[in-house]
Amino acid sequence: MSQFAIVTGAAHGMGQAIALRLVNEGYIVVAVDLDEEGLDQLEQKTGDKSLIKKNGDVGDSTFIKQMLSEIDSSRLRLLVNNAGVRWATSILHSTDEEWETTLRVNLSGPFYFMRETGRVMAETESECLIINVASVAGLVGFNNRASYCASKGGLVMLTKAAAMDLAPNNIRVVAICPGFVNTNMTEDHAHTLVDKHVPLGKSGSPNDIAQAVVDLTQWPVATGSAIVLDSGLTAGFRW
Ligand SMILES: NC(=O)c1ccc[n+]([C@@H]2O[C@H](COP(=O)([O-])OP(=O)(O)OC[C@H]3O[C@@H](n4cnc5c(N)ncnc54)[C@H](O)[C@@H]3O)[C@@H](O)[C@H]2O)c1
């Protein structure tokens, strides 16, 4: 019987690539997103019945509990906390809404998802994996990214703490920290930044990140780690 994987933020970008790849790998994918139309488009791309769409907000724990009660959670083996938002504002011009929404989606969402799915996964008594899509902005500071960096730095630490709590239940928890990846979130001028600052001179693709997700399912001793996938962006300074 197929295993279930939940992917949040599955309507676009990396989440979409991860969802499609996991369907190809044989999972039944529960695709979560705020964007209902985007989920419909994803469903058309899968072309089969291995996708369950769940339209809702990752920052709403009631939605998450309801969603889990509607799937066969005894077969849940993988959660990818990928949904995220980002403003590009200096702390001097940030609004309360920017701060609160960024923390709610990027940090509270993964917290609620890990708590609720962790409870369900523990009951399965099977090896399970949770992947949190953080960012290099959770490891080093970037200008005009105060709320985003805070949320992603929090997510890296949340990953480590959750890995400690969930290890006795055979649930691994890993963060991945992409650098530049070509999606709707990437600014138009990103390619000039990549040329200037990225040692390998290239950004990642959503499929590169999907590959990392699949690889992590095969790494039985990886837990509590923050794996950097940034073409060398944070490796050091170029003189
Ligand atoms: N693109 C990059 O360069 C980059 C780099 C590092 C990390 N990341 C992280 O990767 C993840 C995916 O980013 P992306 O580039 O694919 O972005 P994207 O904007 O293309 O996709 C984000 C998805 O999340 C969904 N979403 C937003 N708020 C939501 C909510 N409250 N509830 C449910 N769904 C919601 C959106 O509808 C969208 O489908 C994010 O967590 C982002 O912070 C992106």
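All ligand and atom numbering here is 1-based and tracks the order in the structure. In this text, all values refer to a predicted model and were calculated from it rather than measured experimentally.
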request  = List in chain and number order the residues that pass side chain to side chain contact (heavy atoms under 4.5 Å, CB included) with Gln66, two or more places apart in sequence or in another chain; answer none if no residue qualifies.
outcome  = Ser69, Glu70
task = Report the residues that fulfil side chain to side chain contact (heavy atoms under 4.5 Å, CB included) with Asp165, sequence neighbours left out, ordered by chain and then residue number.
result =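 Once residues adjacent in sequence are excluded, Asp165 has no partner under the side chain to side chain contact (heavy atoms under 4.5 Å, CB included) criterion.
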key: Single-linkage hydrophobic cluster Val80~Ile64, side-chain heavy atoms < 4.5 angstrom   =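 Each belongs to a different hydrophobic cluster.
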key: Contact residues of ligand 1, where a non-hydrogen atom lies under 4.0 Å away   = Gly9, Ala11, His12, Gly13, Met14, Asp33, Leu34, Gly56, Asp57, Val58, Asn82, Ala83, Gly84, Val85, Val105, Val133, Ala134, Ser135, Tyr148, Lys152, Pro178, Gly179, Phe180, Val181, Thr183, Asn184, Met185, Thr186
task = For Thr102 and Ser147, indicate whether the former's side chain and the latter's backbone hold a donor-acceptor pair under 3.5 Å.
result = no
ask   = Leu76 versus Leu68: any side-chain heavy-atom pair under 4.5 Å?
value =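 Yes. Closest side-chain heavy atoms under 4.5 Å.
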Between side-chain atoms of residues 123-130 and protein atoms elsewhere (two or more places apart, or another chain), which donor-acceptor pairs fall under 3.5 Å?
{"from": "Thr124", "atom 1": "OG1", "to": "Met121", "atom 2": "O", "distance (Å)": "2.6"}
{"from": "Thr124", "atom 1": "OG1", "to": "Ser126", "atom 2": "N", "distance (Å)": "3.2"}
{"from": "Ser126", "atom 1": "OG", "to": "Arg77", "atom 2": "NH2", "distance (Å)": "3.3"}
{"from": "Ser126", "atom 1": "OG", "to": "Thr124", "atom 2": "O", "distance (Å)": "3.2"}

